[in-house]
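Structure first, commentary second.
Below, each value reflects all heavy atoms present in this structure, side chains not excepted, and no hydrogens, waters or symmetry copies. The shown structure was predicted, so the numbers you read here are calculated from the model rather than taken from an experiment.
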Amino acid sequence: MMTRGRSTITVKGQTTIPKEIRKALKLKPGDRLLYEIEKNHAVLIPIRGTILDAAGTVKPKEHPEDYKKVRKETKKALAQRAAEEMK
C-alpha cells in the first residue's frame, strides 16, 4: 500500500509532514528523520533509538583506536562521495 501526502515548503525551507505520512511512519513530535535522495525523489527514514543502541556495533581496527585518524578518513570519504554526486 502506498501512502501519499502533500505539503508546501515555506520561504525558510520548512514543511509540515502530512498527518497520513506521520501516521504511516508512526512519527511523533521530537522524532528525528533521515532524508535519502534517490534519483528525483526523497525517502524519509525515521531514526529510532539512541546512540547507546549502537554501542558495540563498530569494532576498532587497532587498540587504542586513533579517533583523530578515523574522523580524518571519514571526512575525506564523505568529501569524495559529495564531489562524485555533484558531477
Side-chain angles (χ1 to χ4, degrees):
M1 178 180 95
M2 178 180 284
T3 303
R4 289 188 171 187
R6 176 179 278 188
S7 65
T8 303
I9 297 176
T10 69
V11 295
K12 291 185 176 185
Q14 299 171 334
T15 188
T16 299
I17 299 170
K19 183 178 180 179
E20 54 272 13
I21 302 299
R22 293 191 316 264
K23 185 177 177 181
L25 294 176
K26 298 179 178 137
L27 296 174
K28 57 189 182 308
D31 282 352
R32 297 174 59 203
L33 293 172
L34 174 67
Y35 293 80
E36 282 189 2
I37 305 300
E38 293 182 357
K39 297 186 182 183
N40 66 345
H41 62 275
V43 177
L44 302 177
I45 303 167
I47 299 173
R48 307 283 188 217
T50 67
I51 191 68
L52 297 176
D53 295 330
T57 59
V58 177
K59 304 296 181 204
K61 295 178 185 175
E62 53 191 59
H63 293 279
E65 187 71 34
D66 182 353
Y67 290 104
K68 285 184 181 181
K69 181 179 173 184
V70 171
R71 279 192 293 275
K72 184 178 177 181
E73 290 172 356
T74 302
K75 285 181 183 179
K76 183 178 177 181
L78 289 173
Q80 286 176 339
R81 186 181 334 158
E84 289 173 10
E85 289 176 359
M86 293 181 74
K87 290 182 182 178

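Between Leu27 and Leu33, the closest side-chain pair of non-hydrogen atoms falls below 4.5 Å. Side-chain contact between Tyr35 and Leu44 is present, with heavy atoms from C-beta onward closer than 4.5 Å.
Taking the side-chain hydrogen bond (donor to acceptor under 3.5 Å, both in side chains) definition, one finds that Ser7 meets it with Thr15, sequence neighbours left out.
Both Ile47 and Val43 are part of a single hydrophobic cluster, where members link through side-chain heavy atoms under 4.5 Å apart.
Taking all atoms of both residues into account, the shortest heavy-atom contact from Ala42 to Ile37 is CB-CD1, 3.9 Å.
The salt bridge (charged side-chain N to carboxylate O under 4.0 Å, His left out) pairs that include a residue from residues 13-28 are Lys28-Asp31, where partners are two or more places apart or lie in different chains.
For the atom pair NZ (Lys75) and CD (Gln80), the distance works out to 14.5 Å, reported to the nearest 0.5 Å. Separating the CZ atom in Arg71 from the CG atom in Asp66 is a distance of 8.5 Å, to the nearest 0.5 Å.
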